[in-house]
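Following: one structure in structure tokens, then a few remarks.
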Amino acid sequence: MTRVLTGLALLLLSSCPAAAEERCYVTDPTGTPLNVRDSPNGRIIGTLPDGKFVSVIKKAKAANGKPWALVAELDTKERIGWVFYLYLSCS
């Protein structure tokens, strides 16, 4: 099913900062690289391989209630993009 999200739909996000920086790694159960998006459930801008370590900067729920995380490079803190939170394993 294809969803079209507009800027207005993104206003429906309920977001909150991560309680403390979470160190996570990608654990996508589909056997494919994890899609990185420009916004929760937005346009795909890249992928991350399974096992890649990242920092969670912010968490949000999309309008459909599914959890997303804004992630960054673990060492440099350079922003990567939004990923589906349930496909991360965090400590």
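Only heavy atoms go into these numbers, but all of them, side chains included; no hydrogens, no water, no symmetry mates. Positions are given from 1, in the same order as the sequence printed here.
We find that Glu73 and Arg79 are not joined by a salt bridge, their nearest charged nitrogen and carboxylate oxygen being 4.0 Å or further apart.
Among residue pairs with one or both ends in residues 46-66, those qualifying as ring-ring contact (aromatic ring centres under 6.0 Å, His included) are Tyr25-Phe53; sequence neighbours excluded.
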Derivation of the side chain to side chain contact (heavy atoms under 4.5 Å, CB included) call for Leu48 and Val54: CA-CA 10 Å; Leu48 294 173; Val54 295; 4.1 Å; yes

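Residues Val56 and Ala69 approach most closely at CG1-CB, 4.0 Å, considering heavy atoms. In plain terms, the two heavy atoms of Ile57 and Ala72 that are nearest each other are CD1-CB, 3.4 Å. Closest approach of Lys77 and Leu74 over heavy atoms only: NZ-O, 2.7 Å. A pairwise comparison of heavy atoms in Trp82 and Ser39 identifies CD1-CA, 3.4 Å as the closest pair. Scanning both residues, Arg37 and Ile44, for their nearest heavy atoms gives NH1-CG1, 3.5 Å.
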Hey, can you pull the donor-acceptor pairs under 3.5 Å for the side chains in residues 83-91, sequence neighbours left out?
| unit_1 | atom_1 | unit_2 | atom_2 | d |
| --- | --- | --- | --- | --- |
| Tyr85 | OH | Glu22 | OE1 | 3.4 |
| Tyr85 | OH | Glu22 | OE2 | 3.1 |
| Tyr85 | OH | Lys59 | NZ | 3.3 |
| Ser89 | OG | Thr27 | OG1 | 3.1 |
| Ser91 | OG | Arg23 | O | 3.3 |

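In this view, Asn35 satisfies the side chain to side chain donor-acceptor pair (under 3.5 Å) rule with no residue, not counting sequence neighbours.
Between atom CG of residue Leu34 and atom OG1 of residue Thr47 there is a gap of 8.5 Å, rounded to the nearest 0.5 Å.
Judged by distance alone, with hydrogens and angles left aside, the side-chain atoms of Asp38 form a donor-acceptor pair with the main-chain N or O of Arg43 at under 3.5 Å.
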